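The next block holds one structure in the form of structure tokens; read it before the comments.
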Amino acid sequence: MVLIENKWDELLAKEWDKEYYQKLRKILKYDYFHTKVYPNMHDIFNALKYVDYDDCKVVIIGQDPYHGEGQAHGLSFSVKPPVQPPPSLQNIFREISEDLQKPYVAANGDLTRWAKQGVLLLNAVLTVKAGQANSHANIGWQYLTDEIITLLNKREKPMVFLLWGAYAGKKQELITNPKHLVLRAPHPSPLSASRGFFGCRHFSKANEFLEKTGQIPIDW
């Protein structure tokens with residue numbers, strides 16, 4: 001059983017006994033013991049620990065955790081110092097600066113301060129083997145994270161979903177509630193950022209929506 005210590009425990013209680021999660025758990029126990037897996041096992045559910053169900057304002061969906069030493073800590077796109085922001089995160093910071101028309105000087109790549117404001121930084125896959133991108137993509141995490149998105153979709157209080165890249169874009173089919181705002185753009189990776197991520201203005205659009213629905217905007 002997973003203990004998140006907020007409303008997610010109640011909402012996800014049935015998931016932990018399902019066959020897919022029992023299989024996933026066995027794989028994780030083996031891999032964490034026999035290989036190096038990121039993030040630290042105590043950080044796997046950090047996105048949910050930081051942002052309770054009722055407090056979520058913005059959802060940013062990533063694919064899977066960074067697979068380099070010291071990078072992943074349970075929040076999509078985020079890295080803790082002294083790790084330097086990876087290229088995708090640098091591009092995110094650049095777009096914020098251009099979107100909000102002000103210099104954006106990030107002390108580091110730790111996005112915990114976003115999470116504390118209600119930004120759910122959710123990877124679709126929550127673990128990865130060291131140096132092997134997408135190595136846990138097919139062990140069952142998508143069943144859990146799709147359920148998380150489905151539960152958020154059911155919520156009456158409006159929120160914003162930021163879907164960057166083709167992988168995150170596929171999750172749009174789970175978001176059917178017209179109360180929510182869905183914004184799509186290419187991935188911020190250097191391979192695709194110039195094809196529409198730059199100039200998408202998702203950060204100002206998200207804040208405009210939050211203000212319009214009576215919520216406090218995010219201090220990006």
Side-chain angles (χ1 to χ4, degrees), residues 4-6 36-52 55-128 130-131 133 159-165 167-168 183 185-211 215-220:
I4 299 169
E5 299 186 316
N6 58 33
K36 182 162 281 194
V37 178
Y38 301 127
N40 181 288
M41 67 176 66
H42 301 294
D43 291 336
I44 293 173
F45 294 99
N46 274 353
L48 300 179
K49 290 178 179 178
Y50 277 113
V51 185
D52 205 345
D55 298 332
C56 186
K57 296 178 180 178
V58 180
V59 183
I60 300 178
I61 300 174
Q63 187 161 348
D64 70 334
Y66 295 122
H67 55 267
E69 179 70 35
Q71 293 182 306
H73 64 107
L75 304 179
S76 62
F77 294 102
S78 180
V79 292
K80 284 190 172 184
V83 177
Q84 291 299 305
S88 291
L89 185 53
Q90 291 179 33
N91 286 339
I92 290 170
F93 290 159
R94 173 182 160 183
E95 174 57 24
I96 293 173
S97 177
E98 294 177 356
D99 182 9
L100 305 184
Q101 298 185 330
K102 64 180 183 180
Y104 191 89
V105 182
N108 53 61
D110 188 351
L111 303 182
T112 302
R113 65 184 189 86
W114 291 5
K116 289 180 177 180
Q117 297 177 75
V119 181
L120 183 67
L121 296 158
L122 180 69
N123 279 315
V125 175
L126 300 185
T127 55
V128 66
M159 73 188 84
V160 185
F161 290 85
L162 303 184
L163 308 182
W164 300 334
Y167 189 89
L183 298 174
H187 196 276
S189 160
L191 297 173
S192 55
S194 61
R195 298 203 297 265
F197 179 78
F198 292 137
C200 70
R201 301 188 62 244
H202 279 186
F203 304 95
S204 61
K205 289 177 181 177
N207 277 351
E208 287 167 7
F209 179 81
L210 291 173
E211 289 184 309
Q215 302 178 70
I216 298 172
I218 304 300
D219 178 10
W220 300 107

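These numbers come from a predicted model, not from an experiment.
- Heavy-atom contacts from other residues, nucleotides or ligands closer than 6.0 Å to CG of L100 number more than 12.
- Judged as a side-chain hydrogen bond (donor to acceptor under 3.5 Å, both in side chains), the pairs with a partner in residues 67-77 (not counting sequence neighbours) are, in order, K36-E69, Y38-E69, H73-S78.
- A donor-acceptor contact shorter than 3.5 Å is absent between the side chain of S192 and the backbone of P186.
- Of the candidates Q215, Q117, M159, Q215 is the only one forming a side-chain contact (heavy atoms from CB on, under 4.5 Å) with K57.
- Note that the NE2 atom of H202 and the CG atom of L162 stand 6.5 Å from one another [nearest 0.5 Å].
- Between F77 and W164, the ring centre distance stays below 6.0 Å.
- No donor-acceptor distance shorter than 3.5 angstrom exists from the side chain of D110 to the backbone of P81, with no hydrogens or angles considered.
- D43 and N46 share a donor-acceptor pair across their side chains, judged by distance under 3.5 Å alone.
- Put simply, the side chain of L111 does not reach to within 4.5 Å of the side chain of V119, judged on heavy atoms.
- Interatomic distance, OH of Y50 versus OG1 of T112, reported as 4.5 Å (0.5 Å rounding).
- Rounding to the nearest 0.5 Å places CD1 of I44 at 9.0 Å from NZ of K49.
- The two residues A47 and L121 come nearest to each other via the heavy atoms CB-O, 3.3 Å.
- Heavy atoms of other residues, nucleotides or ligands lying less than 6.0 angstrom from CD of E211 number more than 12.
- Here the CG atom belonging to L89 is positioned 10.5 Å from the CD atom belonging to Q84, to the nearest 0.5 angstrom.
- When the side chain to side chain contact (heavy atoms under 4.5 Å, CB included) test is applied to A106, the partners found at least two apart in sequence or on another chain are F93, Y104.
- Shortest non-hydrogen contact noted between P103 and S97 is CA-OG, 3.9 Å.
- Taking each heavy atom of P65 and V125 in turn, the nearest pair found is CD-O, 3.2 Å.
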> Could you walk me through whether I216 and L210 pass the side chain to side chain contact (heavy atoms under 4.5 Å, CB included) check?
Replying inline: CA-CA 6 Å; I216 298 172; L210 291 173; over 6 Å; no

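- Evaluated for a side-chain contact (heavy atoms from CB on, under 4.5 Å) with L120, the options I61, I60, L48 yield exactly one hit, L48.
- Under the 4.5 Å side-chain criterion, counting only non-hydrogen atoms from C-beta, W220 is in contact with N207.
- In terms of the side chain to side chain contact (heavy atoms under 4.5 Å, CB included) criterion, residue partners of E95 (sequence neighbours excluded) are, by chain and number, E98, D99, F197, F198, C200, R201, F203.
- Counting all heavy atoms, side chain and backbone alike, L126 lies closest to N123 at CD2-O, 3.2 Å.
- For the pair A72 and P39, the tightest heavy-atom approach, listed with the atom from each and the gap, is O-CB, 3.6 Å.
- Between A115 and V51, the shortest heavy-atom contact is O-CG2, 3.2 Å.
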